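Here is the structure we will look at.
Quick note on labels: first sequence line is chain A, next is B, and so on, each numbered from 1. A quick note: this is a predicted structure, and the numbers were derived from the prediction, not measured.
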Amino acid sequence: MTQEHATSDDAPTGNHDASASTDDGTNLSVYRERRLAEVQHLRDRGVNPYPYRFDRSHTLGELRASHGNLAAGSETTDTVAVCGRVMLKRDQGKLIFITIRDRSDEIQLFVSKAVVGDAEFDAINAFDMGDWVGARGLVMTTRKGELSVKVSEVQLLAKSLRPMPDKWHGLADVDTRFRQRYADLIVNHDARRTFEIRHAVIASVRRTLGARGYVEVETPVLHAEAGGAHARPFVTHHNALDLQLYLRIALELHLKRLIVGGMERVFEIGRVFRNEGISPRHNPEFTMLESYEAFADYDDIMQLTQDIIVNAARDALGTTTIDIGGAPYDLTTPWPRKRMIDLASEKVGRELHPSQSVDSVRKVASDNGVKWEPHWGSGRIIEEIFAEKAEAELLTPTFVTCHPVEISPLARVHRDDPHLTERFELFVQARELANGFSELNDPVEQRARFEAEQRAKEAGDATAGTVDEDYLRALEFGLPPTGGLGVGIDRLTMLIAGVSSIREVILFPTLRPEADE
RNA sequence: GCCCCUCUAGCUCAGUUGGUUAGAGCAACGGACUCUUAAUCCGCAGGUCCUCGGUUCGAAUCCGAGGGGGGGCACCA
């Protein structure tokens, strides 16, 4: 019967039928044709399969909150209107149980043929899993105590044409999960949970900074020069200006211009782009928090960093204890601070310092199996020794501090040691999670650092920076003492959600385009 | 970019040392059933075994090339 509709009533849906049936003839296309026929069947009966709106009296979560304590076998006189997606259907003959879900909860619809009548019962029975429906009826519980809506009327809100993934096993294929995130979100609770946590983390960060008087700003994504970090940029082009532009690799230089302008405390949560490899910890576009606070130094910012992360965990999970390497760890524990040169020195059994000659540091590196490049200075080699020998052991939160000047072109020289900077990086699970420092605000020194970067770039370091003249001009107007911070929001979410791939916390991670079509 | 692993029905997965017509569960479809909970029961249908090429009497299975994905390395924080 419905098949006849599919073949005879295809004028308005001819395109769908053609694409669904001509070339493949697979189970999937048969399935879609059947549901398309059902759509046409509804239209023939004057039912809009895609109505415009639905008046909902309660979300499913609200309904459970208000009636969750009903005793088994109760019938109330409370009329509600609820809506959601059909997730399960249990046809009992003259009784149908339909589990619908909205974003807050799941509730069972109790459909009795004796209540709704034969015609309506058949219409409800034609619903498929995945359909969006709205129902009106009385709140009740079944004999076994399941909170239900005894429906008097159910309305289709949107017809689903595709089969749902396995109702028990969900969708496991990671490729499909990332490409078809909608399907992942429909069937995988963990996926929904992860993105709820992501939202809670970001909202918490905004609250923490807002409570400290920070102002949220937005700065350009298109940069004439990609500065503020060491990374290869994406290149793009503006037609009207006939101008080569770069997608930003950091937020830093614009935000500090705002501190020059007197905004005192600013932050931005924004997308940055780095044209580099993809890994479980790297996506080409990712979300950075950067914040800058006038009159603060890196010591203040380390405290801020821990506050932000502790609050984020508390707000997202309701606890500050998370799992690190299989063991519980309370984030409120004071996080140790260790100088990079000390961590590196410990591992090689010799005092290392960027004031030492390049030759002597090279020898230490080579003796310990650490490779170095000819254009690296002592400081850069020490960083490499740290990265190769010490970094992997930094599982619980640790502030690595006082990086060599050579690798920190935007950080201020340490007040007690001219070869080091007032900088820190936070490592958790051997991954960098945050980076901050007392900001360099001497325009003369900043120019010298930029020029050193420029020379490194010309010497072949593709990730080195260039001289940003406008930023130098800003500094000449006067940047107050400032403490700055950058936090990888994706990695922070990974930590709090307890997932191991960055793709799990990015709704639509970068993938190669799908073939064919 | 390099190395390893992986790809079978809409989904989740079997598929032996290469051997007839590639199987199961769920979903779908037909039927039974008024308190189910992944409902159950009966019946039926569904396949470009990622693609191309090769070896073989015979390939989902072995070989080569290519594609997607995952992990590692490199790059990079």
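Pairs of residues two or more places apart, or lying in two chains, never qualify as ring pair (Phe, Tyr, Trp, His ring centres under 6.0 Å) while including a residue from residues 113-141 of chain A. Counting only residues at least two apart or in different chains, side-chain hydrogen bond (donor to acceptor under 3.5 Å, both in side chains) contacts with residues 490-503 of chain A comprise A:Arg198-A:Asp490. Residue pairs meeting the ring pair (Phe, Tyr, Trp, His ring centres under 6.0 Å) criterion with at least one member in residues 380-400 of chain A, sequence neighbours excluded, are A:Trp335-A:Phe399, A:Phe386-A:Phe427, A:Phe399-A:Phe424.
Nearest to the side chain of A:Leu171, among B:G69, B:G72, B:U12, sits B:U12. Of the candidate nucleotides B:C29, B:G71, B:U34, B:C29 has the atom nearest to the side chain of A:Asp128. Among the nucleotides B:C76, B:G71, B:C11, the one closest to the side chain of A:Ser501 is B:G71. Side-chain atoms of A:Arg232 lie closest to B:C75 of the nucleotides B:U36, B:C75, B:G69. Comparing B:C29, B:G68, B:U12 against the side chain of A:Asp173 picks out B:U12 as the nearest. Ranking B:C75, B:U34, B:A39 by closeness to the A:Glu276 side chain, first place goes to B:C75. Taking the side chain of A:Lys144 as heavy atoms from C-beta on, and the options B:C76, B:G68, B:U37, the nearest nucleotide is B:U37.
Within 4.0 Å (heavy atoms only), A:Glu383 reaches at least one base atom of the nucleic acid. A:Gly488 comes within 4.0 angstrom of nothing in the nucleic acid, heavy atoms only. At a threshold of 4.0 angstrom between heavy atoms, the contacts of A:Ala114 include nucleobase atoms, whether or not backbone atoms are also involved. Counting any heavy atom pair closer than 4.0 Å across all strands shown, A:Arg512 reaches sugar-phosphate atoms only and no base atom.
The shortest distance between the side-chain N/O atoms of A:Arg503 and the OP1/OP2 oxygens of B:G71 is below 4.0 Å. For B:A28, the OP1/OP2 oxygens have no side-chain nitrogen or oxygen of A:Arg34 closer than 4.0 Å. Distances shorter than 4.0 Å separate none of the side-chain N or O atoms of A:Arg32 from OP1 or OP2 on B:G10.
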### Test log, rule salt bridge (Lys or Arg N to Asp or Glu O under 4.0 Å), inputs A:Arg380 and A:Glu406
CA-CA 6 Å; A:Arg380 176 69 183 84; A:Glu406 181 186 348; over 6 Å; no
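In this structure A:Phe110 satisfies the ring-ring contact (aromatic ring centres under 6.0 Å, His included) test together with A:Phe97, sequence neighbours excluded.
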Donor-acceptor pairs under 3.5 Å, side chain of residues 388-396 of chain A to any protein atom, not counting sequence neighbours: which ones?
| unit_1 | atom_1 | unit_2 | atom_2 | d |
| --- | --- | --- | --- | --- |
| A:Lys389 | NZ | A:Asn368 | O | 3.0 |
| A:Glu393 | OE1 | A:Lys347 | NZ | 2.8 |
| A:Glu393 | OE2 | A:Lys347 | NZ | 3.0 |

When the side chains of residues 136-143 of chain A are checked against the rest of the protein, which donor-acceptor pairs come out under 3.5 Å, sequence neighbours left out?
| unit_1 | atom_1 | unit_2 | atom_2 | d |
| --- | --- | --- | --- | --- |
| A:Arg136 | NH1 | A:Glu153 | OE2 | 3.3 |
| A:Thr141 | OG1 | A:Ala71 | O | 2.6 |
| A:Thr141 | OG1 | A:Gly73 | N | 3.0 |
| A:Thr141 | OG1 | A:Ser74 | N | 2.8 |
| A:Thr142 | OG1 | A:Lys144 | N | 3.4 |
| A:Thr142 | OG1 | A:Gly145 | N | 3.3 |
| A:Thr142 | OG1 | A:Glu146 | N | 3.0 |

Going by atom type alone, with no hydrogens or angles, which donor-acceptor pairs under 3.5 Å involve a side-chain atom of residues 61-70 of chain A and a protein atom two or more places apart or on another chain?
| unit_1 | atom_1 | unit_2 | atom_2 | d |
| --- | --- | --- | --- | --- |
| A:Glu62 | OE1 | A:Thr59 | N | 2.9 |
| A:Arg64 | NE | A:Asp105 | OD2 | 2.6 |
| A:Arg64 | NH2 | A:Glu106 | O | 2.7 |
| A:Ser66 | OG | A:Glu62 | O | 3.2 |
| A:Ser66 | OG | A:Leu63 | O | 3.1 |
| A:His67 | NE2 | A:Asp78 | OD2 | 2.7 |

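Contacts between residues 245-256 of chain A and RNA chain B, counted as heavy-atom distances below 4.0 Å, involve no residue at all. Applying a 4.0 Å cut-off to non-hydrogen atoms, the residues of residues 90-105 of chain A that approach RNA chain B are A:Arg90, A:Asp91, A:Gln92, A:Gly93, A:Lys94, A:Leu95, A:Phe97, listed by residue number. Within residues 404-412 of chain A, no residue approaches RNA chain B, by heavy-atom distance under 4.0 Å.
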### Task
Spell out protein contact along nucleotides 22-27 of chain B as letters: B when the base is contacted, S when just the sugar-phosphate is, - when no protein heavy atom is under 4.0 Å; keep the 5' to 3' order.
---BBS
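Counting distance only, with no hydrogens placed and no angle test, the side-chain atoms of A:Glu146 and the base atoms of B:U36 include no donor-acceptor pair under 3.5 Å.
By the 4.0 Å N-to-carboxylate-O rule, A:Lys89 lies too far from A:Asp128 to be salt-bridged with it. Look at A:Lys256 and A:Glu290 and you find no salt bridge, because none of the NZ, NE, NH1 or NH2 atoms lies under 4.0 Å from a carboxylate O. Taking the charged nitrogens against the carboxylate oxygens, A:Lys457 and A:Glu453 have no contact shorter than 4.0 Å, which rules out a salt bridge.
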#### Entry: Pairing annotation in dot-bracket form, given for RNA chain B with Watson-Crick or G-U pairs under 3.5 Å and | for cross-strand partners
(((((((..((((.....[...))))..((((.......))))......(((((..]....))))))))))))....
